[in-house]
Each structure stands twice: as structure tokens, then as C-alpha cells.
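One structure below.
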Amino acid sequence: PSGEVNSVVIKDNNVAYASIKGDGIYQSANGWSSWTKILDAVYSRVITTRNEQVFISRGWDVWYRSGGSFLQSSGIPSSDSVRDVAIVSAQTSYALGKNTLYRTDNSGKDWSVVIDTVRTGQSLHYDTAHKILYVGAKLPLRSLDNGQTFLPITSIFFFSTSGAIF
């Protein structure tokens with residue numbers, strides 16, 4: 001592929017995904033030495049991948065890979081731009097919009113609101129070793145019970161400041 005790269009997500013030493021501005025989504029093979037276009041999508045960005053799952057944003061909508069094809073998810077409004085997705089299992093994932101955290105239990109087909117007061121959400125991370133979901137936002141959160149409850153992260157590393165830090 002050639003052109004401006006919007007995003008790259010690495011699956012393993014053999015496979016990676018890249019979105020090319022104004023073109024589409026590409027998948028690599030042979031240790032990333034060859035690339036094949038897998039989706040025509042002018043306004044697209046690869047969000048994440050794990051095992052056989054791949055999530056992308058296409059325009060403002062979230063799409064998921066099912067059986068080799070990309071399908072549009074439902075339940076996340078087009079007005080909420082998804083910034084990140086954390087894959088917990090083959091069925092369960094979380095998506096973070098600007099102010100809302102969503103959950104799917106059917107591999108990305110349908111999403112429902114978990115929290116609608118995230119405030120300036122930016123990133124998600126699922127710690128597979130400890131089974132903890134982290135939400136990076138103005139007030140960082142974590143869930144120790146697979147998304148049933150969320151607690152604020154309060155430590156000396158999360159504080160507001162102005163000016164230089166030495």
C-alpha cells in the first residue's frame with residue numbers, strides 16, 4: 001500500500017493491519033512483507049485486534065470482523081466517536097467513546113452502555129494476566145470484576161498540575 005497511514009495494529013510477527021487515508025484497510029502476510037487490501041473504506045482506522053477479532057472505525061461507526069467480512073455494529077450512536085476497544089474474550093469487548101463506555105457480549109455485533117459519564121475518554125486496556133479493565137479518562141477507572149463495577153484510580157501518579165514538572 002502507499003499513502004498516508006492512519007493506523008497500524010500488530011497482531012503477531014506475521015500479521016498486521018493498516019489503514020491508509022483515502023484508500024482502505026490492508027492486512028499483511030509473510031512477516032509483513034506483502035499486503036492485501038481487505039476493505040475499501042475511505043474514512044477508516046484500525047482500532048485493535050486479538051486472535052481472530054479485528055475492530056475498525058469506518059467514518060464514525062464501529063465495524064467488527066466476522067467470518068472474514070467486516071460488519072457494522074449496532075448500539076453505538078454515530079455521534080459518539082469510538083477512540084479505543086479492549087478485547088476481553090472472543091465474545092466480550094469494551095468500546096470507549098468520548099464520554100461513554102460500551103460493552104458487547106456477542107463479538108461486536110451489538111453494544112450497550114455501561115457508563116455514560118466517563119468524561120473525556122481516551123484509552124482502554126485489559127490486563128489479561130490480572131483480569132483488570134483500565135479506562136483512561138479525565139478520571140481514570142478500573143474494574144476488578146469484569147466490568148460489573150468501576151472504581152476511580154487514585155494514586156500519586158494521577159493528579160492535575162499546571163506549569164513545568166521537574
Side-chain angles (χ1 to χ4, degrees), residues 1-98 100-114 118 120-137 140-144 146-147 153:
S2 63
E4 184 178 327
V5 177
N6 288 337
S7 63
V8 174
V9 175
I10 298 170
K11 177 182 174 187
D12 55 35
N13 290 336
N14 190 46
V15 177
Y17 298 91
S19 61
I20 307 299
K21 184 178 182 180
D23 188 5
I25 305 288
Y26 288 79
Q27 179 178 340
S28 71
N30 303 320
W32 311 344
S33 63
S34 61
W35 293 81
T36 303
K37 189 176 198 176
I38 59 172
L39 182 66
D40 251 343
V42 175
Y43 301 105
S44 61
R45 180 176 61 89
V46 183
I47 302 172
T48 193
T49 184
R50 182 169 154 211
N51 299 327
E52 298 307 312
Q53 294 172 286
V54 180
F55 288 97
I56 67 166
S57 65
R58 190 171 182 184
W60 296 105
D61 299 316
V62 174
W63 291 61
Y64 66 102
R65 194 169 192 177
S66 176
S69 299
F70 282 96
L71 304 171
Q72 186 174 357
S73 296
S74 67
I76 299 176
S78 293
S79 60
D80 196 2
S81 172
V82 169
R83 284 132 165 80
D84 204 356
V85 173
I87 300 170
V88 173
S89 69
Q91 296 295 313
T92 303
S93 296
Y94 290 87
L96 183 62
K98 182 176 181 183
T100 307
L101 180 67
Y102 302 91
R103 177 181 169 133
T104 180
D105 288 309
N106 59 5
S107 304
K109 182 179 178 187
D110 303 298
W111 297 84
S112 58
V113 173
V114 176
V118 174
T120 320
Q122 293 298 323
S123 63
L124 288 174
H125 174 71
Y126 183 68
D127 178 345
T128 55
H130 300 98
K131 300 189 184 317
I132 300 173
L133 177 65
Y134 293 96
V135 180
L141 303 169
R142 71 178 174 185
S143 175
L144 304 172
N146 200 26
I153 299 172

Carefully, step by step, assess Tyr134 and Ile153 under the rule side-chain contact (heavy atoms from CB on, under 4.5 Å). CA-CA 9 Å; Tyr134 293 96; Ile153 299 172; 3.7 Å; yes
Taking side chain as C-beta onward, heavy atoms only, is Tyr126 less than 4.5 Å from Ile87? no
Side-chain touch Tyr64/Lys109, heavy atoms, less than 4.5 angstrom: yes
Evaluate the side-chain contact (heavy atoms from CB on, under 4.5 Å) criterion for residues Gln27 and Thr49: first the C-alpha distance (whole Å), next the side-chain angles of each, then the deciding distance (0.1 Å), finally the verdict. CA-CA 12 Å; Gln27 179 178 340; Thr49 184; over 6 Å; no
Pick from Val62, Asp61, Thr100: which one makes a side chain to side chain contact (heavy atoms under 4.5 Å, CB included) with Val82? Val62
Considering all heavy atoms, the nearest Val135-Leu96 contact: CG1-CD1, 4.1 Å
Check: Asp80 side chain, Lys98 main-chain N or O, donor-acceptor pair, under 3.5 Å: yes
Any side-chain heavy-atom pair from Tyr102 and Pro77 closer than 4.5 angstrom? yes
Within the 4.5 Å heavy-atom criterion, are Leu39 and Arg58 side-chain neighbours or not? yes
Looking only at heavy atoms, which two atoms of Ala18 and Val8 are closest? And how far apart? CB-CG2, 4.2 Å
Heavy-atom pair of closest approach, residues Gln72 and Trp63: N-CE3, 3.4 Å
Separation between CZ (Arg50) and OG (Ser89), nearest 0.5 Å, reads 7.5 Å
Relative to each other, are the rings of Phe55 and Trp111 parallel, tilted or perpendicular (30° and 60° limits)? perpendicular
Could you give the distance from CH2 (Trp32) to CG (Asn13), rounded to the nearest 0.5 Å? 6.5 Å
If you look at every heavy atom in Asn14 and Gly31, which pair is closest and at what distance? OD1-N, 2.6 Å
Taking Leu101 as the fixed residue, which of Leu141, Val113, Val118 is the one that meets the side chain to side chain contact (heavy atoms under 4.5 Å, CB included) rule? Val118
Under the salt bridge (Lys or Arg N to Asp or Glu O under 4.0 Å) test, residues paired with Lys37 that sit two or more places apart: Asp23, Asp40
Can you check whether Glu52 reaches Lys11 side chain to side chain, under 4.5 Å on heavy atoms? yes
So, Arg65 and Tyr17: side-chain donor and acceptor under 3.5 Å apart, yes or no? yes
Within-4.5 Å side-chain heavy-atom neighbours: Asn146 and Leu133: no
Would you please name every residue forming a salt bridge (Lys or Arg N to Asp or Glu O under 4.0 Å) with Asp105, sequence neighbours left out? Arg103
What's the spacing between Asp110 CG and Ile76 CD1 if we round to 0.5 Å? 10.5 Å
State, to 0.1 Å, how close Ser66 and Leu71 come at their nearest heavy-atom pair, and which atoms those are. CB-CD1, 3.9 Å
Taking Asn30 for the side chain and Ser33 for the main chain, is one N or O donor matched with an acceptor at less than 3.5 Å? no
Minimum heavy-atom separation for Ser19 to Ile25, with atom names? CB-CD1, 3.5 Å
I'd like to know if the side chain of Asn6 reaches the main chain of Arg45, judged simply by a donor and an acceptor atom lying under 3.5 Å from each other, with no hydrogens or angles considered. no
For the OG atom of Ser57 and the CD1 atom of Ile47, what is their distance to the nearest 0.5 Å? 4.5 Å
Do Ile20 and Val5 come close enough that some side-chain heavy atom pair is under 4.5 Å? yes
Could you tell me whether the side chain of Asp127 and the main chain of Ala129 form a donor-acceptor pair under 3.5 Å? yes
Whether the Ser93 and Thr104 side chains hold a donor-acceptor pair (N or O, under 3.5 Å, no angle test) is what I'd like checked. no
Does atom CG of Asp12 have more than 12 heavy-atom neighbours from other groups under 6.0 Å away? yes
